[in-house]
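Here the structure comes first, spelled out in structure tokens, and everything after it is commentary.
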Amino acid sequence: MAIPYEQKDTILHVENLTVAYGDKVILQDVNLMEKDTVREGKSQGQVIAVLGRSGRGKSTLFRALTGLEKPTSGKVLIPDYSKPAGNGRQPAKLVQEGDVGFVNQQYTLFRHKTVYQSLWFALRKSNMSKEEKEAEIMHYLKEWGLEKNKDQYPNFLSGGQRQRTAILEQLLSSGYYMVLDEPFSGLDIGNIMSVKKAFELISQRHDLNTIIFSTHDIELAVELADSIYVLGYPKDEGGNTVHAGTIIKHFDLKQLGLAWHEGLTASHLECVQMIKAIMLQA
Ligand SMILES: Nc1ncnc2c1ncn2[C@@H]1O[C@H](COP(=O)(O)OP(=O)(O)OP(=O)(O)O)[C@@H](O)[C@H]1O
Ligand SMILES: [Mg+2]
């Protein structure tokens with residue numbers, strides 16, 4: 001049964017985005033729009049998955065979404081919360097480096113900083129007092145099951161602990177957005193569970209919190225996301241493959257009644273099969 005929800009302000013708008021490296025076009029005419037989803041009596045953030053076969057441009061799209069890569073044409077717009085809302089709407093701005101938290105595919109931590117020191121560093125721009133920062137960090141370490149790892153350096157952490165520390169770092173230092181490039185790759189089942197839990201904590205913490213992640217695990221995407229974009233190579237009018245990635249399909253899992261479920265039902269598995277078939281063609 002579909003869960004009722006409403007769609008409010010636009011929180012991410014990608015408009016005719018094209019990205020090229022030199023004269024090689026990697027992404028062409030990517031368009032997408034995501035809105036703030038509101039559920040009654042519940043803080044409901046957005047979880048968006050980007051799927052696509054290797055080389056279709058997921059990481060390139062993420063670099064553009066975080067302002068690290070300048071588009072050749074088109075734009076990425078996010079709400080500008082530093083400005084007052086005009087008639088109920090937040091003005092939009094072009095995304096800039098630093099606006100969006102980014103955990104990249106080779107998520108890197110400071111080798112010479114412990115978990116606690118890394119998180120402390122992440123809060124450097126915050127106006128909180130020393131005591132407030134300490135309390136905030138301890139709160140998260142406890143909630144995210146990292147209390148025992150507080151004084152450890154990255155080399156002594158498991159993949160999942162390192163991943164959660166990297167995510168926490170971004171959560172503490174950036175606004176509502178977080179882009180995670182393949183956050184589940186290389187993790188064992190236990191660590192996957194704990195990163196899934198981290199997603200849940202983030203999306204329930206604030207209505208506007210938005211996680212955008214990529215993965216090669218289609219089941220996991222269908223289980224976690226409320227919106228899925230498939231990047232692939234489209235066909236031109238003559239039926240020939242164009243070797244530049246674009247969004248070839250969007251699944252709005254809210255609309256399909258598949259969002260915010262525990263585990264996978266038969267309808268979820270049907271969706272997984274559909275996505276696999278689409279990806280194989282593109
Ligand atoms: N800095 C760069 N200069 C030139 N080409 C690049 C650069 N970075 C990536 N590419 C090319 O852009 C294309 C898309 O790469 P990208 O890393 O975005 O794909 P992806 O979908 O994230 O793949 P994967 O699933 O393997 O991570 C590839 O053909 C890659 O070789
Ligand atoms: Mg990639």
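Whatever order the structure lists ligands and atoms in, that order sets their numbers, starting from 1.
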Salt bridge check: are Glu219 and Lys276 linked by an N-O gap of less than 4.0 Å?
yes

Can you tell me which residue and heavy atom of the protein come closest to atom 26 (O) of ligand 1, and the distance to 0.1 Å?
Ser54 OG, 2.5 Å

Straight-line distance of Tyr5 OH to Lys254 NZ, nearest 0.5 Å
6.0 Å

For the backbone of Ala20 and the side chain of Thr72, can you confirm whether one donor and one acceptor N or O come within less than 3.5 Å of each other?
yes

Check ion pair Glu200-Lys196 (N to O, under 4.0 angstrom):
no

Matching residue for Tyr229 among Glu34, Lys58, Lys249 - test: side chain to side chain donor-acceptor pair (under 3.5 Å):
Glu34

Shortest non-hydrogen contact from Lys93 to Asp99?
NZ-OD2, 3.0 Å

Under 4.0 Å from any heavy atom of His216, which atoms of ligand 1 are there?
25 (O)

Which of the atoms of ligand 1 are close to Lys58, meaning less than 4.0 Å from one of its heavy atoms?
18 (O), 19 (O), 20 (P), 21 (O), 22 (O), 23 (O), 24 (P), 25 (O)

Against ligand 1, does Gly52 come closer than 4.0 Å with any heavy atom?
no

Considering non-hydrogen atoms only, spot the tightest contact between Asp226 and Gly45 and give its length.
OD2-O, 4.1 Å

Return the closest protein heavy atom for atom 17 (O) of ligand 1 as residue, atom name and distance.
Ser59 CB, 3.6 Å

If we only consider heavy atoms of Lys24, is any one of them less than 4.0 Å away from an atom in ligand 1?
yes

Protein heavy atoms: any of them under 4.0 Å from atom 30 (C) of ligand 1?
no

With heavy-atom distances below 4.0 Å as the criterion, list the atoms of ligand 1 near Ile26.
11 (C), 12 (O), 13 (C), 14 (C)

Atom 28 (C) of ligand 1: which protein heavy atom is closest, and how many Å away?
Gly55 O, 4.0 Å

Please write down residue, atom name and distance for the protein heavy atom closest to atom 10 (N) of ligand 1.
Tyr21 CE1, 3.5 Å

Proximal ligand 1 atoms for Thr60, defined as those under 4.0 Å from one of its heavy atoms:
14 (C), 15 (O), 16 (P), 18 (O)

Among Glu6, Lys8, Gln7, Gln44, which residue meets the side chain to side chain donor-acceptor pair (under 3.5 Å) test with Thr37?
Gln7

Contact summary for Pro91 and Pro84, nearest pair of heavy atoms:
CD-O, 3.5 Å

Confirm or rule out an N/O/S atom of Ser59, from backbone or side chain, lying less than 2.8 Å from the Mg ion (ligand 2).
yes

May I ask you to identify the nearest protein heavy atom to atom 27 (O) of ligand 1, giving residue, atom name and distance to one decimal place in Å?
Gln105 NE2, 3.1 Å

